[in-house]
**Q** 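Following this message is one structure expressed as structure tokens.
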Amino acid sequence: MRDGTATRHEAAALLRWYDRAARVLPWRVGPADRAAGERPDPYRVWLSEIMLQQTTVASVKAYFDRFTTRWPDVGALAAAEDAEVMAEWAGLGYYARARNLIACARQVAQAGAFPDTLDGLRALPGIGAYTAAAVAAIAFDRPETVVDGNVERVVSRLFAVQDPLPKSKPTLARLAATLTPQQRPGDFAQAMMDLGATVCTPRNPRCADCPLEGFCAARAQGIAAELPRKTPKAPKPTRRGIAYVAFRADGAPLLETRPPKGLLGGMPGWPGTDWSDDPDPAPPIPADWTILPGVVKHTFTHFHLELTVALAHLPQDAAPERGDFRPGFDPTALPTLMRKVHDHADAASGDLFAPRKRD
DNA sequence: CAGCCGTGGGC
DNA sequence: TGCCCAAGGCT
């Protein structure tokens, strides 16, 4: 039977593994650093946790380095222009995170410091149950229970929880709380997530390398790889549309800023039709549009998209009904879908593509 | 509260 | 290839 003694053993075993095997990450203060007196920087912990929401460590690293180089503290980030931050976030996805990041930074800068309690953190924009617990535990050494997808998987196996996600979430969170130690809660949280990311993986878990193998009910029953069970998800529909790529004579692209909420909210993009079964093809300006061969395919969380790309060159005095010309615009500031459209126009249009510096 | 919200990598 | 998945939050 599981009792306080068993859970203390589990936490201790996991922390021993972490002390030996912890990955070196740019935002992490490892055990050796901590022994040398280094403390986690709440700004860096917060920024990393926002970036890591539903996003892999491998994807986050370069963004984290660029953000912390450009904006070393929360005051610097709070003082940045919205468009600068959105451009730096471009490609990372879930753009509401970037909008909330800006709002949160400004609140914290105004207050003078990050709150150091779960409730104080939870009240900030973009910080939910997971992130509040992670920052409280990692940055402020509070014994909060951090529950992300990794922890849910580890705990579902450790206790052989058969109920499927997401229904089992409350149960898994309760069970996770029974494991959280009073000492080193931040290292424990990171150890649980490291374990889920590197050992207790969704498929082909490496149970032989797991520090909790002896405690794991699913392992004992031989069903670790089958857990956690999940309710099947709905199939994704396919939507279609047209993206209109236009350049003015001076090379300035015709772009528009998308509405602040919703898909790709607040990000720049090419004007286009709606995305549906039967889009209305109205272009943003009458012109000699060339329909490029091929389509741009992109998959969002809940639908597939196939965009046809139309290209035109416009005179210097063109007055489009939608969007505005942006001289010197850097395509890396586009979200990935719009970047794909740009690259497709570049690749598929041959001589038609602009801007061409010719006489 | 279930649907919405990106993207890239692994298998 | 197509599907699954990832250190979730908001409404």
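In what follows, chains carry the letters A, B, and so on, assigned in the order in which the sequence lines appear, proteins first and then strands, with residues in each chain numbered from 1.
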**Q** Using whole Å, report how far CZ of A:Phe300 lies from P of C:dC3.
**A** 17 Å
**Q** For A:Arg339 and B:dT7, what is the distance between atoms CZ and C1' respectively, to the nearest whole Å?
**A** 14 Å
**Q** Which nucleotide in the list B:dT7, C:dA7, C:dG8 gets nearest to the side chain of A:Thr131?
**A**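 Selected nucleotide (nearest to the side chain): C:dG8.
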**Q** Between A:Lys236 and A:Lys261, name the one whose nearest nucleotide on DNA chain C is closer to the 5' end.
**A**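 Between the two, 5'-proximity favours A:Lys236.
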**Q** Does A:Arg153 make a side-chain N or O approach to OP1 or OP2 of C:dA6 shorter than 4.0 Å?
**A**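 Answer yes for this pair, as a side-chain N or O of A:Arg153 is under 4.0 Å from OP1 or OP2.
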**Q** In this structure, are over 12 heavy atoms from other groups packed under 6.0 Å from A:Lys236 atom NZ?
**A** yes
**Q** When A:Arg28 is tested against each of A:Asp194, A:Asp187, A:Asp33 for salt bridge (Lys or Arg N to Asp or Glu O under 4.0 Å), which residue passes?
**A**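 Of the listed residues A:Asp194, A:Asp187, A:Asp33, the salt bridge (Lys or Arg N to Asp or Glu O under 4.0 Å) partner of A:Arg28 is A:Asp194.
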**Q** When you measure from the side chain of A:Tyr94, which nucleotide among C:dC4, B:dG6, C:dC3 comes out closest?
**A**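 Selected nucleotide (nearest to the side chain): B:dG6.
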**Q** Does A:Gln54 put a side-chain nitrogen or oxygen below 4.0 Å from OP1 or OP2 of C:dG8?
**A**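 Answer is yes, contact under 4.0 Å.
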**Q** Would you indicate, yes or no, if B:dG9 has its OP1 or OP2 atom less than 4.0 angstrom from a side-chain nitrogen or oxygen of A:Thr56?
**A** no
**Q** Give a yes/no on whether any side-chain N or O of A:Thr301 is located under 4.0 angstrom from OP1 or OP2 of B:dT7.
**A**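 Negative; the distance criterion is not met.
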**Q** Relative to the 5' end of DNA chain B, which residue comes earlier, A:Asn204 or A:Gly91, by the nucleotide with the nearest heavy atom?
**A** A:Gly91
**Q** From C-beta outward on A:Glu49, which listed nucleotide comes closest to its side chain: B:dT7, B:dG8, C:dA7?
**A**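 The nucleotide sitting nearest to the side chain is C:dA7.
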